[in-house]
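One structure is given here, and the rest of the page talks about it.
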Amino acid sequence: MNILVTGGAGYVGSVCAAELVRRKHRVITYDNLSAGVRRAVLPGIALVEGDIADRKKLERVLRQHHIEVVMHFAASALVDESIRNPSLFYRNNVSGTLVLLDAMLATGIKRLVFSSSAAVYGEPTQVPITEDHPTAPINAYGETKLVIERALAWYHRAYGLNCVALRYFNAAGAVGTLGENHRPETHLVPRILDVVFDARQPFQIYGDDYPTPDGTCVRDFVHVRDIARAHILAMRKLAKLGLAVYNIGHGRGYSIREVVQTVEAVTGAKVPIVTAPRRPGDPAVLVASPEKIGRELGWKPKEDLTRIVRSAWLYHRQKRLQKGNHP
Ligand code: UFG
């Protein structure tokens, strides 16, 4: 297959691109490098530097490379930032995606795997969360993903666009030289690892008065390699599925304190912690029911939290060793 991977220089996109190439697909990554980095595109994979808002360029690339399927990862994705700067999220995640969809339709491409998010659910009324749980986002990030999911249903109906939306829960872990590399880094596992490498600043837990067993938020962590596998399974069934949405998670949640303990067990380091105020836009508990994707696509996560943390630790340790060589 010829596959365009938007956001292919980003965290999940780069792992997915590498996995596709390993399985002998032809991949073109498309990234404006605003958050992604060039070295996340592995040797042998083409990178086109471009913005999803650039319809002409997109159409040119889609035609030139005879693209058959698009995997759309490119997005603004930090929950906290989405509350402070919603305009950026509507521009990139809504306007940008609509441009991409139009470019696909103009070039006759009718297959899309879309990166959605557990953030579409908001504060859940029941866990584990199934796909038919009401959607009521509590941050602009989740709202923009939901807007696109809804648009896709209309595009499917009107234009025959086949699309699978994958609602990721908490992506974490690394695959070799590909891992979380955000600037600034706000995600949980790399933030705890920062403290392992430099314990001068304690790790801040954002709120310990949530209605959860130990008062800290509970999340469902899923290894980025497992996420990539879900994309490939979804891609294979796109034509048959027509339009579908799936959760990607384990169905098992861990509190922030439990994640800190796992990092301590994996690294052998003691992680000093302090409690900080809650972060706006954080639901108390997000745990997936992965039942539907298991039943319909045969997907099961293979990596548990310990393996997720270990892979992230190895990645960040390596990155620090090579710091001088990194952009
Ligand atoms: N946290 C801390 N301290 C930190 C960083 C994070 O306590 O220094 C807490 C957060 O408050 C939250 C949890 O750790 O409760 C996870 O935070 P992350 O920033 O790692 O991830 P989020 O849950 O905010 O968001 C991630 C993705 C979103 C996705 C969401 C769905 O970034 O795209 O998971 O579960 F929508």
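If you read the sequence from its start, that first residue is 1, and numbering goes on from there. Order of appearance sets the numbers: ligands from 1, and atoms from 1 within every ligand.
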Q.
Please state which option from Tyr141, Phe169, Tyr210 has its nearest heavy atom closest to atom 28 (C) of ligand 1.
A. Tyr141

Q: Answer yes or no: does atom CZ of Arg307 have more than 12 heavy-atom neighbours from other residues, nucleotides or ligands under 6.0 Å?
A: no

**Q.** Numbering as shown, the atoms of ligand 1 that approach Asp282 to under 4.0 Å (heavy-atom distance)
**A.** 10 (C), 11 (O), 12 (C), 15 (O), 24 (O)

Q: Considering heavy atoms of the protein only, find what lies nearest to atom 13 (C) of ligand 1 and give residue, atom and distance to 0.1 Å.
A: Ile256 CD1, 3.5 Å

Q) For the residue pair Phe73 and Tyr168, does the interplanar ring angle fall in the parallel (under 30°), tilted (30 to 60°) or perpendicular (over 60°) class? A) tilted

**Q.** For atom 3 (N) of ligand 1, closest protein heavy-atom neighbour
**A.** Gln204 O, 2.8 Å

Q | Shortest reach to atom 22 (P) of ligand 1 by a heavy atom, considering only Val189, Thr212, Asn170 | A | Asn170

Q. Which protein heavy atom lies closest to atom 5 (C) of ligand 1, and at what distance to 0.1 Å?
A. Thr186 O, 3.4 Å

Q) Considering only protein heavy atoms, which is closest to atom 15 (O) of ligand 1, and at what distance to one decimal place? A) Cys217 CB, 3.2 Å

Q) In the protein, which heavy atom is nearest to atom 17 (O) of ligand 1, and how far is it? A) Arg279 NH2, 3.2 Å

Q: Establish, from distance only, whether the side-chain atoms of Arg26 and His65 form a donor-acceptor pair under 3.5 Å.
A: yes

Q. For Tyr168, is at least one N or O under 3.5 Å away from an N or O on ligand 1?
A. no

Q) Checking salt bridge (Lys or Arg N to Asp or Glu O under 4.0 Å) for the pair Glu149/Arg167: CA distance, chi angles, key distance, verdict? A) CA-CA 10 Å; Glu149 279 195 18; Arg167 294 175 175 167; 2.6 Å; yes

Q. According to a 4.5 Å side-chain heavy-atom criterion applied to Ile, Leu, Val, Met, Phe, Trp and Tyr, with indirect links allowed, do Leu166 and Ile129 form part of one hydrophobic cluster?
A. no

Q: Check the angle between the aromatic planes of Phe89 and Tyr141 and answer parallel, tilted or perpendicular using the 30° and 60° thresholds.
A: perpendicular

Q. At under 4.0 Å between heavy atoms, which part of Arg191 makes contact with ligand 1: side chain, backbone, both or neither?
A. side chain

Q. Do the side-chain N and O atoms of His187 and Glu185 include a donor-acceptor pair separated by under 3.5 angstrom?
A. yes

Q) For ligand 1, which atoms have a heavy atom of Ala119 less than 4.0 angstrom away? A) 36 (F)

Q) Hey, are Asp80 and Tyr206 close enough side-chain-wise for a donor-acceptor pair under 3.5 Å? A) no

Q. If you count the atoms of ligand 1 from 1 in the order shown, which ones are under 4.0 Å from a heavy atom of Ile205?
A. 7 (O)

Q | Closest approach of any protein heavy atom to atom 1 (N) of ligand 1, naming residue and atom | A | Tyr206 CD1, 3.6 Å

Q.
Which of the numbered atoms in ligand 1 are under 4.0 angstrom from any heavy atom belonging to Ala118?
A. 31 (C), 35 (O)

Q.
As an exercise, identify every atom of ligand 1 less than 4.0 angstrom from a heavy atom of Leu286.
A. 31 (C), 35 (O)

(Q) Taking Arg84 first and then Glu81, would you say they form a salt bridge - that is, a charged N and a carboxylate O separated by under 4.0 Å? (A) no

Q: Output yes when the distance from some N or O of ligand 1 to some N or O of Leu188 is under 3.5 Å, and no in every other case.
A: yes

**Q.** Under-4.0 Å salt bridge between Asp51 and Lys57
**A.** no

Q. Of the protein's non-hydrogen atoms, which lies at the shortest distance from atom 29 (C) of ligand 1, and what is that distance?
A. Ser117 OG, 3.4 Å

Q: Assess the side chains of Asp304 and Thr306: does a donor N or O sit below 3.5 Å from an acceptor N or O?
A: no

Q. Which ligand 1 atoms does Ala77 reach within 4.0 Å, using its non-hydrogen atoms?
A. 32 (O), 33 (O)

Q | Nearest-contact summary for atom 27 (C) of ligand 1 - protein heavy atom, Å | A | His187 NE2, 4.0 Å

